[in-house]
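Each chain gets a letter, A, B and so on, in the order the sequences are listed, and its residues count up from 1.
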Amino acid sequence: MFYAYGMSITLRYADSRDQAASILNDAFMKVFTNIEKYDMDRSFKPWLRQIVVNTAINYYHRTKNQQQMEDLKTAGSQLGKEDHIISGISYDEIIEMVQQLTPGYRTVFNLYVIEGFKHREIAEMLDISEGTSKSNLAKAKRNLQSILEKNFSS
Amino acid sequence: MSDQKNENRNDALERFFQQKAEEYNISYNEEDWLKLEDRLNNLDQQRRRRTWRRLIAAAVVLAFSILAYLIINNQLQIDKLNRRLSNNQPTQVHQPSTPDAPPTESEELTNSHSDGNTDQEPTLKSSENETIASKEQKNEPNPASANENNRIQYKNYSLTVKPMNIVMATLGFDVHSAKSSDIKLIKTKNSSVNALATVSHSKPTLVHSRDNSTKHNVVRASLGLVMGPDLSTAGSMAHFYDPGSKIGVTLDYNFNSRFAITGGIIRTRTLYTAKGGDYHPPIGYFSNGSVPGKTVADCVLLDIPVSLKYNLLQFDRSRFYTTAGISSYIMLNEKYSFHYDNYQSGLKREWNHKTGSRYWLSNASLSVGYEFDILNHWSLRAEPYLRIPIKEVGWGKVNLYSMGTVVSLNYHFGH
């Protein structure tokens, strides 16, 4: 149960399934070694989610020096056919699309769109400026639109 | 979350990904759990190793504290004894009247004790003995000199024995019985003036301790039962695993009061981990080139050490010593568990055989120890040791480092 939940988070932050499993592995290690800090009066899932996301961010920091923040030059137009596209794309395909983003874009996209953080918070977490966070988000969305149109618009 | 709305989050693309992110249906992967299990096991082992290291450190601190206490206590007793000797000196010892006379026998005895060297006995004064020797060289033997010799011999005898009586009486020994044995010893050594002069220069031994009178001069061999923990690692002194154990027998042969040769046979259970590069099984054993990231070994072997032992410091009932030598290993049973960074089905996970392979002179051995006499024939030893690889051992051809502390109960022959 928690395995699938954890993987659903780490898959979005990782380049591959192996990398996602590795991040989840780190996250569960933190859970096991800090279980005494868990407040039994609160729900477990948010606590787990917080640890998994933090682990993913730590992973981003560890590997960001190796990342080539290259921008895909396939910035496309606004998504116009999303309504009928949505119904035909599986979860795995969505994850594949997100994993095609560069780590910098992907992390900002996940933190902003899925986790609900603000740009100011994201800037602090990733040690970047607020402007960079906004810029990365915009580029991530453009790239995803482009990928969607390229693969699913026919 | 109100801020989120202000930032216009709900465009179509975002809604699309938010919705899809909740539709996960991820199947459980056993390999991921196995990896996590390995990490948890490693974490557990690290904690246990940390606990062991702390226990060993605490034991070492405790051992040194006890040693320090014993040494200080011993020194205090010696000081007390010296004070008693000083108090008894005016009534017991004849004082030479010449102004440039050498120190009295009591002073010499005090100095001997203060040095803490119980091997060295109260000595006759060298100036006096030189006088005797020169007299002997200048004068041919004649009846008159015989009487002089006797007088000198008696003088030395009396000067030597009187303070000894004080010492032994202070220690609570039977002065009369000790006196008779001491007299025999002196008479034997001082059968002639020549002999007296010669022996005096080489500091003749006159015992003032029951332990020294027997053990240091007579003990020739010791048999010991040893046991203790063993910490081993392969490749370097950095990756210790769980502690193993040692149990066996040792035999010492003493050349003199300082040097001994010691050997033994010790059954050792050694537990260690080896990284991929430190473990070398036969070529081609690991299929598909998948070498384990870590190998955990659980081996039983016979450790056959041969060492030279040297007593560094000697006390009345205890001594510090050091040993240096070489060990040979005979592998009785070898069990290796292989842990892969990326395990795939079909990879070998364990190798377990009774090999019996022999590795002569495979490890250098160093140790320091402390021995304490508990009874007349018995003593206890605590001996921290280090084994450094000279050549690779075992089926996996590893450079095996070991360290630990053995405690031994020893029986001394030859009293």
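- B:Arg269 CZ: 12 or fewer foreign heavy atoms inside a 6.0 Å radius.
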Check against side chain to side chain contact (heavy atoms under 4.5 Å, CB included), A:Val98 and B:Phe17: CA-CA 9 Å; A:Val98 173; B:Phe17 277 95; 3.7 Å; yes

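- A:Ile94 contributes atom CD1, which lies 9.5 Å from atom CD of B:Gln19 (distance to the nearest 0.5 angstrom).
- Heavy-atom distances place the side chain of A:Phe109, and not its backbone, under 4.5 Å from chain B.
- Annotation for B:Trp52: atom CH2 does not count as buried by contact number, only 12 or fewer foreign heavy atoms lying within 6.0 Å.
- Ion pairing between B:Asp32 and A:Arg17 holds under the 4.0 Å rule for side-chain N and carboxylate O.
- Within a 6.0 Å radius of NZ in B:Lys275, other residues, nucleotides and ligands contribute 12 heavy atoms or fewer.
- For chain B, no part of A:Asn110 is nearby; none of its heavy atoms comes within less than 4.5 Å.
- The distance from the CG atom of A:Asp18 to the NZ atom of B:Lys35 is 5.5 Å, given to the nearest 0.5 Å.
- By the 4.5 Å heavy-atom criterion applied to side chains, B:Phe16 and A:Leu148 are counted as neighbours.
- Proximity to chain B (any heavy atom under 4.5 Å) is restricted, for A:Leu11, to the side chain, taken from C-beta onward.
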Criterion side chain to side chain contact (heavy atoms under 4.5 Å, CB included) on B:Leu36 and A:Phe32, from CA distance to verdict: CA-CA 10 Å; B:Leu36 183 62; A:Phe32 287 129; 3.6 Å; yes

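- Between B:Leu40 and A:Phe28, the closest side-chain pair of non-hydrogen atoms is not below 4.5 Å.
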